[in-house]
Each structure stands twice: as structure tokens, then as C-alpha cells.
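Written below as C-alpha cells is the structure these notes are about.
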Amino acid sequence: MSRAKQFWLMKSEPTVFSFDDLKARHLSTDHWEGVRNYQARNYMRQMKKGDLVLFYHSNCETPGVVGTAEVTRETYPDHTAFDPLSNYYDPKSKPDNPRWFMVDVKWKEAFLGMVTLTEMRRTPELGRMKLMQKGQRLSVMPVTKEEFEKVRSLGMTK
DNA sequence: GCCAACGTTGGC
DNA sequence: GCCAACGTTGGC
């Protein structure tokens with residue numbers, strides 16, 4: 001019997017890498033590079049193939065969830081940490097002892113309309129989401145199955 | 001652009 | 001190990 005599917009929220013700045021950018025990639029799939037926070041990294045290392053992701057646009061005019069993605073490859077070293085020319089270079093991460101990791105995600109479904117942060121805050125069932133907690137800034141965080149499905153249903157009933 | 005809330009760094 | 005200084009995130 002396979003393990004239960006898990007659910008996540010991943011943030012990306014749309015001017016850097018948007019949901020449409022993911023869709024436009026070969027096979028609508030890309031690696032999730034650049035996570036440089038230990039807690040977010042640890043969550044990412046728990047991700048399993050088939051887990052579903054809420055794709056969140058952050059640090060933009062209207063932050064919110066724009067659609068869903070699926071984990072297609074589990075944790076492996078983030079090679080951008082080894083590249084001195086990368087914005088994500090970290091000399092303390094070595095190929096023989098990597099500090100940072102990534103997963104691959106595949107674009108899955110665009111919502112009919114964005115579920116904005118404001119709208120999520122107004123939704124009682126989403127009140128306990130980590131995203132709502134003051135001061136939390138993780139770019140990768142778990143959500144419950146119920147939260148995932150609530151956000152998706154809001155996004156698909158626009 | 002502002003700034004609250006973190007996380008990280010490094011001197012001691 | 002403490003903690004001040006600094007850097008980053010991300011909503012507003």
C-alpha cells in the first residue's frame with residue numbers, strides 16, 4: 001500500500017518564476033531551485049512523488065494561489081548552490097556534501113481565478129493555515145488535505 | 001518604499 | 001553560548 005498523499009504550498013515571485021513559466025517548461029516540469037532556508041528545505045525533503053502543491057505568487061501586487069502542481073521527482077542536490085555565477089550560490093554547499101536540495105514539480109491545473117491571500121484570510125476553514133501565521137515566511141510549507149481542497153474549490157468556482 | 005518578523009553571522 | 005548587527009522575506 002502506498003503512503004498517503006501529502007499537500008504543500010510553494011511560493012514563487014511571479015517576476016522571477018511564475019506559474020505560467022512552469023507551464024511553458026518542457027513537459028511543464030522544472031526543478032525547484034534556490035530554497036536556502038533549513039526549515040523549508042526539510043519540508044521539501046519530505047515531499048514524495050505524487051504529492052500535490054498549491055502554487056502561490058508572492059511579493060507581487062496581488063499575492064495568492066494561482067493553481068496546482070505535482071511533485072514528479074523527490075529530493076536531490078540543488079546544483080545551483082555549486083555555481084559561483086548563480087544567484088543561489090552557497091560556497092558552503094559542496095557536491096560531496098550538499099547542503100541544499102530541490103524537487104521537480106509539474107504544472108497540473110490552473111484555477112479559473114486566483115485565490116487571493118485576502119480571500120483566504122476571509123475563509124474560516126483556512127484560518128489555521130501556516131500561511132496565515134504572523135511572521136512566517138517559509139517558501140515551502142505543508143497544508144492539510146482539507147486546506148488544499150478548500151483552496152482548490154475556491155479557485156475552480158470563480 | 002516601509003517595516004515587522006524572522007534567520008544568520010560573527011565577535012566575544 | 002550569547003546577542004547585536006545585518007540581511008531577507010513579503011505584505012501593505
Side-chain angles (χ1 to χ4, degrees), chain A residues 6-25 30-47 51-69 71 75-105 107-144 146-158:
Chain A
Q6 305 172 107
F7 301 87
W8 308 94
L9 182 145
M10 298 176 90
K11 296 180 183 174
S12 189
E13 300 189 22
T15 56
V16 177
F17 185 73
S18 72
F19 191 51
D20 285 343
D21 291 334
L22 178 60
K23 186 179 186 182
R25 289 292 196 268
D30 207 349
H31 51 268
W32 199 272
E33 66 189 36
V35 171
R36 296 292 179 269
N37 170 284
Y38 288 104
Q39 203 177 340
R41 179 202 69 179
N42 293 343
Y43 282 137
M44 218 166 45
R45 297 198 76 183
Q46 297 169 26
M47 290 183 176
D51 284 359
L52 296 179
V53 175
L54 295 172
F55 197 112
Y56 181 89
H57 279 171
S58 66
N59 200 16
C60 53
E61 191 171 350
T62 308
V65 178
V66 289
T68 64
V71 176
T75 181
Y76 62 106
D78 183 340
H79 55 79
T80 64
F82 310 141
D83 177 4
L85 300 180
S86 169
N87 288 335
Y88 302 123
Y89 179 54
D90 180 357
K92 287 177 289 218
S93 186
K94 306 288 187 187
D96 60 355
N97 185 21
R99 174 176 296 203
W100 304 116
F101 293 82
M102 55 193 185
V103 296
D104 286 356
V105 297
W107 187 98
K108 185 173 173 69
E109 176 183 70
F111 290 166
L112 299 178
M114 168 189 265
V115 181
T116 65
L117 179 59
T118 306
E119 186 177 356
M120 288 192 278
R121 286 198 196 286
R122 282 202 309 257
T123 305
E125 298 93 314
L126 301 178
R128 294 176 61 83
M129 283 182 81
K130 285 187 189 298
L131 184 67
M132 308 302 166
Q133 289 166 17
K134 190 175 182 180
Q136 89 63 39
R137 301 170 306 167
L138 291 179
S139 59
V140 177
M141 63 181 80
V143 301
T144 67
E146 291 73 23
E147 289 163 350
F148 181 92
E149 287 174 353
K150 183 64 189 177
V151 172
R152 180 176 178 275
S153 77
L154 289 172
M156 297 310 282
T157 53
K158 297 273 175 179

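Basis for what follows: all heavy atoms, side chains included, without hydrogens, waters or symmetry-related copies. Proteins come first, then strands; the chains are lettered A, B, ... in the order of their sequence lines, and each starts at number 1.
- In this structure, H57(A) atom NE2 and dG11(C) atom P are separated by 12 Å, rounded to whole Å.
- A sub-4.0 Å separation between OP1 or OP2 of dT9(C) and a side-chain N or O of K11(A) is absent.
- Between the CD atom of Q136(A) and the P atom of dG10(C) there is a distance of 8 Å, given to the nearest Å.
- The CE-P distance, from M132(A) to dG10(C), rounds to 14 Å in whole Å.
- Remark: Y56(A) is not in phosphate contact with dT9(C), judged by side-chain N or O atoms under 4.0 Å from OP1 or OP2.
- Rounded to whole Å, atom P of dT8(C) lies 13 Å from atom CG of D90(A).
- In the set dC12(C), dG10(C), dT9(B), the nucleotide with an atom closest to the side chain of R121(A) is dC12(C).
- Within the structure, every side-chain polar atom (N or O) of K134(A) is placed at least 4.0 Å from both OP1 and OP2 of dA4(B).
- As rounded to whole Å, 9 Å separates atom C1' of dC6(B) from atom CG of N37(A).
- Considering only the side chain of R137(A), dT9(C) comes nearest among dT9(B), dG11(C), dT9(C).
- If you take CG of N87(A) and P of dT9(C), they are 11 Å apart, rounded to a whole angstrom.
- Residues Q39(A) and N59(A) both approach DNA chain B. Their nearest nucleotides, taken by heavy-atom distance, put N59(A) toward the 5′ side.
- Spacing between atom CG of L138(A) and atom P of dT8(C) amounts to 17 Å, rounded to whole angstrom units.
- Taking a 6.0 Å sphere around CZ of R128(A), one finds it holds 12 or fewer heavy atoms contributed by other residues, nucleotides or ligands.
- Checking side-chain atoms of K130(A) against main-chain N and O of V143(A) turns up no donor-acceptor pair under 3.5 Å.
- In this structure, M141(A) places its CE atom 13 Å from C1' of dC6(B), rounding to the nearest Å.
- The backbone N or O of R99(A) lies less than 3.5 Å from a partner atom in the side chain of R41(A), making a donor-acceptor pair.
- Between Y38(A) and W100(A), the gap from one ring centroid to the other is short of 6.0 Å.
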(request) Please assess W32(A) against F55(A) for the test ring-ring contact (aromatic ring centres under 6.0 Å, His included), listing each intermediate value before the final yes or no. (result) CA-CA 12 Å; W32(A) 199 272; F55(A) 197 112; 5.5 Å; yes
